[in-house]
Amino acid sequence: MSSNVRTRFAPSPTGFLHVGGMRTALFAWLVARQGKGQFILRIEDTDQKRKVEGAEEHIIKCLGWLDLVPDEGLKNPIRQSERVKDGVYQKWADKLIESGRAYADPYSPDEVQKFREQAQADKKPFLYRNHRPENPPQWKPGLPLRFKSEPKDYVTHDEVMGDIKTGPEVVDDFILIKADGFPTYNFAHIVDDSEMEISHVIRGQEFIASLPNYRNLYEALDIEPPIFATVPHIMNEQGNKKLSKRDGAKDILDYRNEGYLPETMISFLATLGWNDGTEQETFTIDELIDKFSLARVQKSGARFDERRLIWLNGAHIRQLKLDDLYTYVSPHNDDFIHGAGYWPEAAYKSKYDQAYRKKVLNLVQERLKFFAELPELTGFFFEDLPVNPELISTHKQLKKYDKSELKKYLEKAKASFEGSDFSEADLTDRLNSLLEETGEKPIVLFSLIRIATTQASSSPGLSQTMAVLGKEKCISRINAQISAL
RNA sequence: GGCCCCAUCGUCUAACGGCUAGGACACCAGGUUUUCAUCCUGGCAAUAGGGGUUCGAUUCCCCUUGGGGUCACCA
């Protein structure tokens, strides 16, 4: 066996990928990179019934988004269904039949189900081998082929979980080849991992109970087992079950579509159940290649807390250069952004140019948590929002004021702004003078002007915002507010 | 029910058997002369319970409790 590090991501194409699956892929990719080995994508499509159209393309797209590019299996995906056609699994199955380690299962699914229900009624785990037929028929296609196990004690080492001790009671005769001729996962992955010289099998916790069965099959097949690494599940927000699609887990591409950065997702996934022992909170992909280790992966499941993801993305966005941020939020040719990109539609009307949009973006960069928030944050920069009386009637200070008084202040402000060149500095000066003139507190006067000029519940700094909006818009909006009072 | 795994603030987590159990998210308060946000400062908040071993236990052992996984012709 080669000592080369080779890891694989082996999803079944049954739907979209969520953070749990994506994290497993990331860990496998990291182990391959840091071992200077290969990362292989293998599509486990042996269940014809559960196969979902487009799922394979989706998986590749997800890997591409995070730049976890497979060294093998990308251009010509390795599909188990095709290996079935090539007779790969049959060849190994024949070996087992010859050596007496596989036999035909003569029972119908209903009969097996009865055994299972009996075991359940007796409050005992179901073991098929308790019903192992004495003289099984000659195996032929159309019958399930079962592994003839040789139950025994095992101590199985797992890179994450440590040594797992099990007794013979967990080793059973499982199905190798189904009646439809396709191999089960339990059989196919072992054959494939061996033929593809996979060194580390990194997968979710749901497989840990099967490890003794796999050990038994490895022995029967005379295959040296790979290194096992069992990664605990990511739990849902309530923490009571593993994160699942059924349970509302989001498609990983939804995060891309909502405007999360790939580097955010990488750092988030890596630190969900792993840390390097220091107080470092975020990691670049290069730091992860350098520092990641399976041994430091948490043994218990971590809950998925989207708030941390949101915070992390905001932090990454703030660090972006303006031009890079602009590229991210603008329309590109990708299949997921159309028309105005993340901008409000109005941002692409002819009167707004790139320079204007960049000025706007610069003002909202520090408050942007994900790109999909952009229309809400910037709408008023591109179109006049209708006067919203509630902004004043619910304002904790302004609601105490008489409308005629507010009108008076707005008239004064307008008069001052008429003479402004609308540079940020001049506007700041004028706003401060207005404060002295009226003797009002900033919270009152500035809130009033902010509401009049934006009609939004919050905005960037007032003089900055006004400078970007320009004189014409500000004056006309103040007029609109005055007549609405 | 059998088997396996797990157990530190609300959440993610740190702590060769040895400081007042540390950090981050979230939340709360104050500051950065408008709001929101950013940034800064401070605050709240945890070793599931019980036995051992030890001078000393978050750490090692046992029991209990709790949580998760698994017991498919799904992966």
Side-chain angles (χ1 to χ4, degrees), chain A residues 10-12 14 44-47 49-50 105 107-109 112-113 116 119-128 143-146 156 158 160-162 164-167 169-170 172 174-180 182-186 188-189 203-212 230 232-233 235 237 239-242 268 271-282 298-305 307-312 314-315 318 364-369 377 391 395-397 431-432 435 441-451 454 456-463:
Chain A
S12 58
T14 53
E44 311 236 317
D45 57 350
T46 54
D47 187 343
K49 296 181 289 295
R50 295 206 313 151
D105 178 351
Y107 300 113
S108 70
V112 177
Q113 182 58 23
R116 189 174 290 123
Q120 205 163 24
D122 297 343
K123 298 209 178 289
K124 290 186 136 175
F126 170 67
L127 281 174
Y128 181 93
L143 283 180
L145 182 70
R146 283 208 184 246
T156 305
D158 185 280
V160 174
M161 294 299 177
I164 302 159
K165 295 184 181 68
T166 53
E169 71 281 357
V170 298
D172 195 16
F174 56 89
I175 294 207
L176 301 168
I177 293 184
K178 299 179 273 185
D180 67 3
F182 282 83
T184 57
Y185 166 84
N186 298 139
H189 90 274
R203 86 244 281 192
Q205 208 185 28
E206 65 269 31
F207 297 107
I208 201 165
S210 305
L211 245 27
T230 299
H233 285 138
M235 310 296 282
E237 276 193 281
N240 58 1
K241 17 175 131 122
K242 73 169 177 173
F268 177 77
T271 53
L272 198 54
W274 172 86
N275 70 83
D276 72 341
T278 72
E279 287 182 353
Q280 185 167 346
E281 299 287 343
T282 68
Q298 216 68 227
K299 288 182 180 175
S300 56
R303 290 190 206 189
F304 175 65
D305 185 1
R307 282 173 300 193
R308 202 183 119 80
L309 178 67
I310 291 169
W311 162 75
L312 199 58
R318 271 172 253 131
V364 299
Q365 179 169 12
E366 71 183 20
R367 67 200 65 210
L368 200 54
K369 305 278 193 215
L377 256 30
L391 290 173
H395 191 281
K396 56 184 184 291
Q397 300 284 336
L431 284 166
N432 286 332
L435 232 38
K441 288 182 293 190
I443 179 101
V444 173
L445 194 65
F446 292 174
S447 293
L448 178 64
I449 297 170
R450 192 182 55 73
I451 287 167
T454 66
S457 54
S458 67
S459 74
L462 185 53
S463 50

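Keep in mind that what you see is a predicted model, and the values were worked out from it rather than measured. All values below were derived from every heavy atom in this structure, side-chain atoms included, with hydrogens, water molecules and symmetry-related copies excluded.
Of the nucleotides present, B:U65 is the one that pairs with B:A7 by Watson-Crick or G-U wobble criteria, both distances under 3.5 Å.
Within the nucleic acid shown, A:Phe207 comes within 4.0 Å of at least one base atom, counting heavy atoms only. Backbone-only engagement by A:Thr271 is indicated by non-hydrogen atom pairs under 4.0 Å involving sugar-phosphate atoms exclusively. Counting non-hydrogen atoms under 4.0 angstrom, A:Ala179 reaches a base of the nucleic acid. Within the 4.0 angstrom heavy-atom criterion, base atoms lie near A:Arg450. Across all strands, A:Pro232 comes closer than 4.0 Å to no nucleic acid atom at all (heavy-atom distances). In this structure, A:Thr230 reaches neither bases nor backbone, as no heavy-atom distance under 4.0 Å exists between it and the strands shown. In this structure, A:Gly162 reaches neither bases nor backbone, as no heavy-atom distance under 4.0 Å exists between it and the strands shown. Residue contacts for A:Ser12: at a heavy-atom cut-off of 4.0 Å it reaches the sugar-phosphate backbone alone, with no base atom in range.
Atom CG in A:Asp276 sits about 17 Å away from atom P in B:G23, given to the nearest Å. Between the C1' atom of B:A72 and the OH atom of A:Tyr107 lies a distance of 17 Å, rounded to the nearest Å. Whole-Å rounding puts the A:His233 NE2 to B:U70 C1' distance at 10 Å. Atom C1' of nucleotide B:A26 and atom CG of A:Leu312 are separated by 14 Å, given to the nearest angstrom. A:Asp305 places its CG atom 12 Å from the P atom of B:C25, with the value rounded to the nearest Å. Taking atom CD of residue A:Glu279 and atom C1' of nucleotide B:A24, one finds them 9 Å apart after rounding to whole Å. To the nearest angstrom, P of B:U70 lies 14 Å from CG of A:Leu211. Between A:Asp105 atom CG and B:C73 atom P there is a gap of 9 Å when expressed in whole angstrom units.
Every residue meeting the ring-ring contact (aromatic ring centres under 6.0 Å, His included) condition with A:Phe304, not counting sequence neighbours, appears here in chain and number order: A:Phe268. For A:Arg203, the side-chain contact (heavy atoms from CB on, under 4.5 Å) test picks out A:Arg8, A:Tyr185, A:His189, A:Val201, A:Phe207, A:Leu211, A:Tyr214, A:Phe228, with sequence neighbours left out. Residues passing the ring-ring contact (aromatic ring centres under 6.0 Å, His included) test with A:Phe182, sequence neighbours excluded: none. A search for ring-ring contact (aromatic ring centres under 6.0 Å, His included) contacts involving A:Phe446 returns nothing, not counting sequence neighbours.
Proximity of A:Lys49 to the phosphate of B:C74: a side-chain N or O atom is located under 4.0 Å from OP1 or OP2. Phosphate proximity of B:U38 to A:Lys369: present, with a side-chain N or O under 4.0 Å from OP1 or OP2. Regarding contacts with the backbone of B:C73, a side-chain N or O of A:Arg146 is found under 4.0 angstrom from either OP1 or OP2. Checking the phosphate oxygens (OP1, OP2) of B:U11, no side-chain nitrogen or oxygen of A:Arg308 falls inside 4.0 Å. An OP1 or OP2 oxygen of B:A14 is reached within less than 4.0 angstrom by a side-chain nitrogen or oxygen of A:Asn275.
When atom types are taken as modelled, the side chain of A:Thr14 and the backbone of A:Arg50 share no donor-acceptor pair closer than 3.5 angstrom. The closest donor-acceptor contact from the side chain of A:Asp172 to the backbone of A:Phe174 lies at 3.5 Å or more, if one exists at all. Listed for the A:Lys178 side chain is a donor-acceptor partner under 3.5 Å among the backbone atoms of A:Thr46.
Spacing between B:U53 and B:A72 at atom P, rounded to whole Å, works out to 44 Å. Here the separation of B:A46 from B:G23, taken at their P atoms, is 14 Å to the nearest Å. Distance check on atom C1': B:U13 versus B:U54 gives 28 Å, rounded to whole Å. A distance of about 24 Å separates the C1' atoms of B:U65 and B:A21, rounded to the whole Å. The gap from the C1' atom of B:C40 to that of B:A15 amounts to 28 Å, rounded to the nearest Å. If you take atom C1' in B:C19 and the same atom in B:A24, they sit 22 Å apart, rounded to whole Å. Comparing B:G2 with B:U20, their C1' atoms sit 47 Å apart, to the nearest whole Å. The gap from the C1' atom of B:U59 to that of B:G18 amounts to 11 Å, rounded to the nearest Å.
The two atoms that bring A:Asp276 and A:Gln280 nearest to each other are OD2-OE1, 4.0 Å, heavy atoms only. Contact between A:Ala456 and A:Leu391 at its shortest, heavy atoms only, is N-CD1, 3.8 Å. Annotation for A:Thr230 and A:Gly204: closest pair CG2-O, 3.9 Å, computed over non-hydrogen atoms.
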Query - Residues A:Asp305, A:Glu237; criterion side-chain contact (heavy atoms from CB on, under 4.5 Å); working and verdict - result: CA-CA 6 Å; A:Asp305 185 1; A:Glu237 276 193 281; 3.9 Å; yes

Query raised in the report: Going through the distances and angles, do A:His233 and A:Glu206 end up as a side-chain contact (heavy atoms from CB on, under 4.5 Å)?
Result: CA-CA 8 Å; A:His233 285 138; A:Glu206 65 269 31; 2.6 Å; yes

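Listed candidates were B:U34, B:A75, B:G68. Nearest to the side chain of A:Met235 is B:G68. Comparing atom distances between the A:Arg50 side chain and each of B:C74, B:U34, B:C73 picks out B:C74 as nearest.
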For nucleotides 1-8 of chain B, which of its nitrogen or oxygen atoms have a protein nitrogen or oxygen under 3.5 Å away, and what is each distance?
{"unit_1": "B:G1", "atom_1": "O2'", "unit_2": "A:Lys123", "atom_2": "O", "d": "2.8"}
{"unit_1": "B:C6", "atom_1": "OP1", "unit_2": "A:Lys299", "atom_2": "NZ", "d": "3.3"}

Just the atom pairs and distances: protein N or O near nucleotides 39-41 of chain B's N or O, under 3.5 Å.
{"unit_1": "B:C39", "atom_1": "OP1", "unit_2": "A:Arg318", "atom_2": "NH1", "d": "3.1"}

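Each of A:Lys178 and A:Glu206 lies near RNA chain B, and the nucleotide nearest A:Glu206 is the one positioned closer to the 5' end. Residues A:Leu309 and A:Leu462 both approach RNA chain B. Their nearest nucleotides, taken by heavy-atom distance, put A:Leu309 toward the 5′ side.
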